[in-house]
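Working notes, structure below.
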Protein chains: 2
Amino acid sequence: MPKLDESLLSGLPPFAGLDRAEIREILDQAASRRFEEGATVFREGHDADRFFLLLDGYLRVVRSTPGGDQVIVLHISPGQLFGIAPALQRDTYPATAIAAAESIALSWPVRLWSDFADAYPGFATETYKTLGERIGQVQQTLTEMATQAVEKRVAAAVLRMVNQSGRKADGGIEIAFPVTRQNIADMTGTTLHTVSRLLSGWEKAGMVESTRKHITVTDPHRLVVLAGGAD
Amino acid sequence: MPKLDESLLSGLPPFAGLDRAEIREILDQAASRRFEEGATVFREGHDADRFFLLLDGYLRVVRSTPGGDQVIVLHISPGQLFGIAPALQRDTYPATAIAAAESIALSWPVRLWSDFADAYPGFATETYKTLGERIGQVQQTLTEMATQAVEKRVAAAVLRMVNQSGRKADGGIEIAFPVTRQNIADMTGTTLHTVSRLLSGWEKAGMVESTRKHITVTDPHRLVVLAGGAD
DNA sequence: CCGCGAGTTTGATCAAGAGCAACGTTGCCC
DNA sequence: GGGCAACGTTGCTCTTGATCAAACTCGCGG
């Protein structure tokens, strides 16, 4: 395996304030791996034997029902820790992580987690902070799902992706990873048909532009209003 | 304030393995308080200045939308820690906690949190375990909400309450705290009308019995089948 | 360049469940 | 013990969004 560069980690919150030697030490214990779009990083119910840091790309975190339907619980962006079930004393992963785009992740065996936490005070703190944000996000999604009509939920889901991964494009902000209508349906508990109709409508109204697997929001403000005005 | 008895804590996971003196120390720093049914323990968005342990009773954890709708995210049973947002580096509570029945809770100022965690190894571990279970529960609810029809969701919600607080009653298992149709509607993202109809139907079919604010499940197995068979 | 498959669009139909309205019950408070 | 408020039931209507069906478009590999 090629030597990894220290600058990969030095800017990230969990490792903030560590010196080069410490980061070197951490990196030397990491495995780096590339995942194709659609590849599975870990699977619900499997032994949680490693924890991860996403360096590049985007992941979907998915839960499936016994009936075979799947729900996208949240997305992971570069720089975030994930698969940190072990920090919560779980011994299996509670969900499946799938690469939404080509991605690169570092991983460590779980036993190192407590070593890191002991040795570098900020590490545990940051992990738990991430977790806190994530639980808040899931609860937020839950309340939306329980109270809002489909159009609001879809608008909110699109905005969430834009906020998390948006990058400037010609005449708008573009979601940085491939998304199908089916994906959005899986985030919002609806069908790809309904999502398609909604997007078509918004496109006609000049709020978004979309091609195959790609969405650009051209009028974020109107979409925010649609999502419930709470801006 | 009357002196609290050590036996209150000695059997609970977060304090397992501590000797009397340690438990005494912890108890002496706790405030004990009684909450009437319907009383608010802490409120969404307020400063998270204390964390809690429920000694007796049941709580609902609620999130509200800007539009005024509310969703019951989960319930807390006796012996559980709650309001542990501070452990996740949050400085406000992410939800509101309301007594579902008359309840008694201990609480400590957040600054003691890290003291406890440092001094008693099991304490932090158990908290994070609780948190892990809770995030799993919320995700579970989310996937149900996204994929299941109303009847299944309501059946699942009733079963969850029974599992968490069920006590034997004449000819069935009874939910140990008061629940209105509206409450169940708030757990499942539906209306009290629909819940009422469903319960009436189940009662006719001999699966449940219910009076005002009280539900007894007389045929759990059939209800489980209804909820999606995943038993 | 053709054919195929994944992703998307659009129309038509239909059922679940929300909304509305009215009435019935229970228990509590004065 | 009467009245009131909170909780529950039930019928009817109407909307939302799922389901079914079919065709279209793009991009890719052979």
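So you know, we letter chains A, B, ... as the sequences are listed, proteins then strands, and number each from 1.
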For atom CG of B:Leu192 and atom C1' of C:dA18, their distance in whole Å: 11 Å
Pair B:Lys152 + B:Glu144: basic N to acidic O under 4.0 Å: no
Distance-only side-chain donor-acceptor flag, B:Ser210 / B:Glu203, under 3.5 Å: yes
Candidate nucleotides C:dT8, D:dC7, D:dT9, ranked by approach to the side chain of B:Thr180 - the nearest: D:dC7
Donor/acceptor link under 3.5 angstrom from B:Arg181 side chain onto base of D:dT9: no
Mutual orientation of the aromatic rings belonging to B:Tyr93 and B:Phe52 [parallel < 30°, tilted 30-60°, perpendicular > 60°]: tilted
Separation of atom NZ in B:Lys213 from atom C1' in C:dG27, rounded to whole Å: 11 Å
Check: A:His193 side chain, C:dT8 base, donor-acceptor under 3.5 Å: no
Check: B:Thr191/B:Thr194 side-chain N/O donor and acceptor closer than 3.5 Å: yes
Rounded distance in Å - CZ (B:Arg197) to C1' (C:dG19): 10 Å
Distance test, side-chain N/O of A:Thr191 to OP1/OP2 of D:dG17, below 4.0 Å: no
Distance, rounded to the nearest Å, where A:Glu209 contributes CD and C:dT9 contributes P: 13 Å
Separation of C:dG5 P from A:Gln182 CD (nearest whole Å): 19 Å
Below 4.0 Å: OP1/OP2 of C:dA18 and any side-chain N or O of B:Thr190: yes
Protein-nucleotide distance (A:His214, atom NE2; C:dT8, atom C1'), rounded to Å: 15 Å
Nucleotide D:dT9, atom P - distance to CD of B:Glu203 in whole Å: 8 Å
Closest-nucleotide 5' rank along DNA chain D - winner of A:Arg212 and A:Thr194: A:Thr194
A:Ser196 side-chain N/O to C:dT9 phosphate OP1/OP2 under 4.0 Å: yes
A:Met145 CE to D:dG17 C1', straight-line distance once rounded to whole Å: 15 Å
Donor on one side chain, acceptor on other, A:Thr188 and A:Arg153, under 3.5 Å: no
